[in-house]
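Letters A, B, ... are given to chains in the order of the sequence lines, protein chains preceding strands, and every chain is numbered from 1. Computed from a predicted model, the values in this text were never measured in an experiment.
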Amino acid sequence: MSEAVLEIRDVSLAFKGKRSLLDVLSNTPVKNVNALNGVSLDLRQGETLGVVGESGCGKSTLARCIVRLHEPNGGSVHFHGMDVFASHERGDRTYNRRVQMMFQDPYSSLNPRMTTGQILSEALRVHDMCPEDDVPARLANLMDLVQLPGDALEKYPHEFSGGQRQRIAIARALAVEPEVLIADELVSALDVSVQAQIVNLLLDLQDRLGLTILFVAHDLRLVRHVSNRVAVIYLGRIVEIGDSETLFASPSHPYSQALLSAAPSLDPDDKGRKIHLEGELPSPLDIPPGCPFHVRCRHKSPKCTTEQPKLRPIAGRGSVACHHAEEIENV
Amino acid sequence: MSDTTISRGNVRSQRRGRVQIAFRKPGFMVGFTIIAISTVLALFPGFFAPYDPNFIDYQAVRQPPSWQHPFGTDLLGRDSFSRVIWAYSVNMQMAVLATVFALVIGVFVGALVGYYRGIADMIFGRVVDAVITFPFLVLVIAIVAVLGPGLINMYIAITLVGWVYYARLMRAEVISQMANDYASAGIVMGYSDLRIIFRHLLPNAITPVIVYWMTDMALAILLGSSLGYLGLGAQPPQAEWGVLIAEGRNFITTAWWLSLMPGIAIVLTGLGFSLIGDGLADLLRPRG
């Protein structure tokens with residue numbers, strides 16, 4: 001097992017709820033949105049870790065916490081042993097250089113008033129990535145890496161398609177020679193054909209540059225295609241994490257089973273074995289006690305309603321947060 | 001791979017194309033012409049005015065418009081046309097000096113409180129409330145009354161009140177721009193706050209402020225001449241439209257040209273600035 005680059009320990013984040021005057025007078029407690037509730041995971045050197053889950057489960061919040069766009073209420077993030085949120089590290093820009101993030105929306109992630117060349121050379125200059133004389137050569141090199149023509153440097157973001165913009169966003173992230181890339185729904189906004197191009201480009205770059213990637217997405221096939229390991233998130237908690245092939249072939253947590261069975265199959269004869277979840281996703285304003293999944297779970301026992309299961313390793317599989325992981329049959 | 005092909009086309013020529021489109025709009029064209037002429041008159045009044053604006057001729061008092069005196073003469077026999085022309089330099093100067101400092105202060109303060117929020121933003125909110133509750137003119141008159149009448153004090157008074165309007169606009173625009181990922185990307189790239197505010201957010205947030213600035217220049221001329229009329233701005237015998245209207249006020253039935261001509265000049269320049277502001281709104285909007 002290779003060394004962990006990023007160690008995320010018990011990270012939790014609650015967004016403060018609005019409190020009206022009436023709430024103050026009637027002494028109603030503030031409702032917080034509990035986006036993350038103690039997420040722990042290691043990102044290992046050179047791997048691609050996929051993060052999947054429903055909308056609103058905290059995938060993007062986790063990604064944003066890692067790059068310090070949000071400050072967690074509890075827990076810690078260590079990068080090569082350095083505490084990212086320690087107060088004396090806050091002003092340190094090298095962390096932000098070494099851990100880069102790419103955003104979901106290609107239409108808002110590039111400054112509309114700057115040409116591609118300006119966007120990329122700014123990144124190079126601010127971090128003194130190369131001598132001033134070498135900037136044009138480095139820009140051409142970056143354009144080659146993301147397979148865009150050289151004259152793209154002269155153009156403004158509005159002159160590009162969504163896929164081309166994502167390439168520019170990737171080039172911007174690569175300009176500062178990062179070790180870790182956080183891809184937050186990198187291709188969700190793109191056409192399927194373009195998605196494949198961008199994802200293959202990313203994997204190709206990972207091979208060549210030895211990048212470590214955290215790939216946040218809701219498209220399960222895509223995650224299976226790109227990831228070495230996968231983490232399944234439910235209501236701000238990791239319910240299962242493990243080797244990608246094992247997890248996709250035989251998910252252990254009842255939620256992972258339901259999530260994976262919901263993915264459409266390409267086999268026209270595959271008619272069933274879909275697990276339909278009962279009930280709604282509980283609101284992160286009001287997370288049920290015990291196992292947060294018990295309200296929708298087919299296998300719940302009285303223990304599930306009171307005691308919160310811990311993430312624990314299961315023989316032959318990954319780690320699962322379920323009291324009954326051993327008993328539940330794989331689907 | 002349609003994804004990697006890019007249509008040909010020169011960026012600079014597209015830029016020029018947008019300017020041409022703006023000029024093709026009649027409103028912008030008219031506004032631009034009015035302000036261009038006004039600026040030339042303001043810079044070289046001596047070149048266009050046939051007489052010295054303060055030359056007193058008791059032989060020709062309150063003459064109606066004629067070929068010799070196109071706008072007539074006032075009660076001291078001064079050429080009204082020359083005085084209106086010379087007033088251009090004072091009033092155009094007002095349009096710039098009464099607004100430009102408010103613009104700069106407002107853009108800085110608005111961008112900073114919009115970006116950092118927190119306690120500074122709350123204090124700023126109270127200041128805005130306090131200033132905006134007073135009618136603009138009343139507040140300016142009160143400040144001029146404290147500082148004393150005169151052009152410089154008038155600029156100070158208008159700036160003290162006016163920056164709030166720019167800052168409020170800038171703050172709102174910066175906040176809405178921060179919802180875009182390019183601002184987050186700036187943080188993730190490890191850029192400094194000042195770089196994110198002034199290099200990334202400001203160019204995208206400033207368009208409505210520039211458009212408002214054009215309207216505000218028209219308002220500044222109106223306000224400046226109002227104060228001149230009330231005796232709190234430019235002081236006679238200086239030729240200024242408000243002062244000229246005030247001088248003609250007592251003779252409005254017998255020598256109507258004294259007040260009408262500077263009035264028309266005010267309306268025309270105000271209209272010019274408004275039309276330019278309209279056209280700029282289209283010209284400055286980023287595409288895509």
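- Residue B:Phe32 qualifies as open at atom CZ: its count of foreign heavy atoms under 6.0 Å is 12 or below.
- The nearest pair of heavy atoms linking B:Arg199 to A:Asn111 is O-ND2, 3.9 Å.
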Evaluation steps, side-chain contact (heavy atoms from CB on, under 4.5 Å), between B:Arg195 and A:Glu122
CA-CA 10 Å; B:Arg195 174 176 287 274; A:Glu122 178 181 39; 2.6 Å; yes

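- If you measure heavy-atom distances from A:Met102 to chain B, you find no contacts under 4.5 Å at all.
- Interface with chain A: from residues 174-183 of chain B, residues B:Asn180, B:Asp181, B:Tyr182 qualify, criterion being any non-hydrogen pair under 4.5 Å.
- More than 12 heavy atoms of other residues, nucleotides or ligands shown are found within 6.0 angstrom of CZ on A:Phe15.
- Take A:Arg221 and apply the salt bridge (Lys or Arg N to Asp or Glu O under 4.0 Å) test, not counting sequence neighbours, and it matches no residue.
- With a 4.5 angstrom heavy-atom cutoff, A:Leu110 touches chain B only via backbone atoms.
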Kindly indicate, with the supporting measurements, whether the criterion side-chain contact (heavy atoms from CB on, under 4.5 Å) is fulfilled by B:Met189 and A:Asn96.
CA-CA 6 Å; B:Met189 293 300 295; A:Asn96 275 122; over 6 Å; no

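- Between the side chain of A:His127 and the backbone N or O of B:Tyr191 there is no donor-acceptor pair closer than 3.5 Å.
- Both the backbone and the side chain of A:Arg172 come within contact range of chain B, each with at least one heavy atom under 4.5 Å from a heavy atom of that chain.
- Around atom OH of B:Tyr116, more than 12 heavy atoms belonging to other residues, nucleotides or ligands sit under 6.0 Å away.
- For A:Ile182, no part lies near chain B; criterion is any non-hydrogen pair under 4.5 Å.
- Contact count versus chain B (heavy atoms, under 4.5 Å) is highest, among A:Met114, A:Gln100, A:Arg97, for A:Gln100.
- The local environment of CZ in B:Phe198 is crowded, with over 12 non-hydrogen atoms from other residues, nucleotides or ligands closer than 6.0 Å.
- How far OG of B:Ser184 is from CG of A:Asp105: 11.0 Å, rounded to the nearest 0.5 Å.
- The nearest pair of heavy atoms linking B:Pro203 to A:Arg113 is O-NE, 2.9 Å.
- Considering every non-hydrogen atom in both A:Ser109 and B:Ala185, the closest pair reads O-CB, 4.1 Å.
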